[in-house]
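Heads up: the structure comes next, in structure tokens.
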Amino acid sequence: MAEAVVDNSNGDAPEIPRNVTIYINNINEKIKIDELKKSLRAVFSQFGEILDVLAFKTLKHKGQAWVVFKDVDSASAALGKMQDFPFYDKPMRIQYAKTKSDIVAKADGTFVPREKRKRHEEKGKKRKDQHDANQAGAGLNPAYGAYGGMPHLSQIPYPGGAKLPEAPAPPNNILFVQNLPHETTPMMLQMLFLQYSGFKEVRMVETKPGIAFVEYTDEMQSTVAMQALQGFKITPQYPMLITYAKK
DNA sequence: AGCACA
């Protein structure tokens, strides 16, 4: 019985090998690229460090995006947990990307620039032989590791001037969220906080950018969400500060 | 539906 070496019992979709990059489609095409990338980052960074998020507005690439994780396990978790996640009212469809992302290849030293682009040629030596595709050196690119694990709350710089209360507020089913980038929308926050059970609503005040209130059914649930999302970065510079709202 | 690297 040497037959069952490869499990192809899965009738339809041929398996795509695991990849640190996930490919997402069925994305609501009305969302602007910039907001889309931020929201994807917001929704996926819970699974691990993200190296890059790519999306394009051309016809051929609308409704699709790539999220590049540092670790393949993060990509797998993201794929498993977020499959069909309602994102801007459409269930996201997630697969592993078919090819290696450039940012990964560059870190690898395996990156070889592709031909098809009509940029201006370098008027220099065209004497490259193909052996030096590997020479690039696998040094860490500091741009990749910009945001690591979560620091302790009191060490986080809050550019928006958010403050921890003097005396911690008593538990409340309503959370007070500070230090949000000003572009944050209620929809973005809803996508984040909806993942935790008991979610009721997000409230933002137009005249007070950078803060939000998020309500849960009870304080157990709000506490879980607070702990899960404490320090969460919608953009790299803005770790959110979550406290219980004052009663 | 569509797998890129502005």
Side-chain angles (χ1 to χ4, degrees), chain A residues 8 10-45 47-124 128 130 132-147 181 183 233-237:
Chain A
N8 266 342
N10 186 354
D12 24 34
E15 293 290 316
I16 299 169
R18 274 156 54 94
N19 191 312
V20 292
T21 303
I22 54 173
Y23 168 76
I24 304 155
N25 66 2
N26 199 42
I27 296 171
N28 188 329
E29 296 179 12
K30 282 174 290 204
I31 311 307
K32 280 171 293 295
I33 294 296
D34 213 55
E35 180 188 341
L36 173 63
K37 289 188 183 182
K38 283 178 186 158
S39 296
L40 287 169
R41 198 176 272 277
V43 158
F44 281 110
S45 60
F47 300 104
E49 186 174 344
I50 292 173
L51 301 185
D52 206 3
V53 176
L54 301 121
F56 311 89
K57 51 167 162 272
T58 53
L59 299 304
K60 185 160 180 247
H61 304 296
K62 287 205 300 192
Q64 301 156 77
W66 290 259
V67 175
V68 188
F69 288 94
K70 178 137 149 294
D71 306 303
V72 69
D73 287 340
S74 305
S76 295
L79 192 153
K81 295 269 192 9
M82 301 301 281
Q83 192 64 266
D84 300 319
F85 179 81
F87 186 68
Y88 295 108
D89 300 319
K90 298 188 66 177
M92 46 168 80
R93 299 279 134 79
I94 313 175
Q95 299 167 263
Y96 292 112
K98 286 178 181 158
T99 58
K100 186 189 282 186
S101 297
D102 282 1
I103 190 174
V104 174
K106 282 172 181 165
D108 257 350
T110 59
F111 178 70
V112 35
R114 59 184 62 71
E115 289 292 319
K116 58 162 157 193
R117 199 73 180 149
K118 260 259 163 106
R119 310 233 70 148
H120 5 260
E121 291 273 327
E122 283 236 83
K123 304 284 176 159
K128 309 215 71 137
Q130 54 257 59
D132 58 357
N134 272 4
Q135 124 277 49
L140 282 183
N141 183 329
Y144 300 171
Y147 6 109
E183 323 85 73
K233 293 167 181 167
I234 289 180
T235 62
Q237 297 80 5

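A, B, ... follow the sequence lines: proteins, then strands. Residue 1 opens every chain. These numbers come from the heavy atoms of this one structure, side chains and all, not from hydrogens, waters or symmetry mates.
- Taking the side chain of A:Thr58 as heavy atoms from C-beta on, and the options B:dC5, B:dC3, B:dA6, the nearest nucleotide is B:dA6.
- If you check every strand for non-hydrogen atoms under 4.0 Å, A:Ile16 touches a base.
- Per the geometry, CD1 belonging to A:Ile24 stands 15 Å off C1' belonging to B:dC5, to the nearest Å.
- For A:Gln95 against B:dA1, no side-chain N or O and base N or O form a donor-acceptor pair under 3.5 Å.
- At whole-Å resolution of the value, NE2 in A:His61 and C1' in B:dC5 are 10 Å apart.
- Nucleic acid contact class of A:Asp52 (heavy atoms, under 4.0 Å, all strands): none.
- A:Lys57 comes within 4.0 angstrom of nothing in the nucleic acid, heavy atoms only.
- When the nucleotides B:dC5, B:dA4, B:dG2 are ranked by their closest atom to the side chain of A:Asp102, B:dC5 comes out on top.
- Judged by distance alone, with hydrogens and angles left aside, A:Thr21 brings no side-chain donor or acceptor close enough to the base of B:dA4 to form a pair under 3.5 Å.
- Near DNA chain B, meaning a heavy atom under 4.0 Å from it, residues 74-82 of chain A has no residue at all.
- Qualifying side-chain contact (heavy atoms from CB on, under 4.5 Å) partners for A:Val20, counting only residues two or more places apart in sequence or in other chains: A:Val68, A:Val72, A:Val104.
- Residue pairs that meet the side-chain hydrogen bond (donor to acceptor under 3.5 Å, both in side chains) test with at least one member in residues 55-67 of chain A, sequence neighbours left out, are A:Tyr23-A:Gln64.
- Rounded to whole angstrom, the span from the CG atom of A:Asn19 across to the P atom of B:dC3 amounts to 15 Å.
- Between A:Thr235 and A:Glu183 there is a side-chain heavy-atom pair separated by less than 4.5 Å.
- Atom OH in A:Tyr23 sits roughly 11 Å away from atom P in B:dA1 (whole-Å rounding).
- Counting to the nearest Å, the P atom of B:dA6 and the NZ atom of A:Lys62 are 21 Å from each other.
- For A:Ala55, the side-chain contact (heavy atoms from CB on, under 4.5 Å) partners are A:Ile33, A:Leu36, A:Lys37, A:Ala65, not counting sequence neighbours.
- In this model, the phosphate group of B:dA4 is approached by a side-chain N or O of A:Lys60 to a distance below 4.0 Å at OP1 or OP2.
- Among pairs with a residue in residues 79-94 of chain A, those fulfilling side-chain hydrogen bond (donor to acceptor under 3.5 Å, both in side chains) read A:Asn26-A:Lys90, A:Glu35-A:Tyr88, A:Ser39-A:Tyr88, A:Asp84-A:Arg93, at least two apart in sequence or across chains.
- The side-chain contact (heavy atoms from CB on, under 4.5 Å) test applied to A:Ala77 returns A:Phe47, not counting sequence neighbours.
- The CG-C1' distance, from A:Leu36 to B:dA4, rounds to 14 Å in whole Å.
- Residue A:Trp66 and nucleotide B:dA4 are classified as a stacked aromatic pair, their ring centres being separated by less than 5.5 Å at an interplanar angle below 30°.
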Exercise for the section: Given salt bridge (Lys or Arg N to Asp or Glu O under 4.0 Å), test A:Lys106 with A:Asp102 step by step and report yes or no. Expected result: CA-CA 6 Å; A:Lys106 282 172 181 165; A:Asp102 282 1; 5.1 Å; no
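- Nearest-nucleotide positions on DNA chain B for A:Ala55 and A:Glu29 put A:Glu29 closer to the 5' end.
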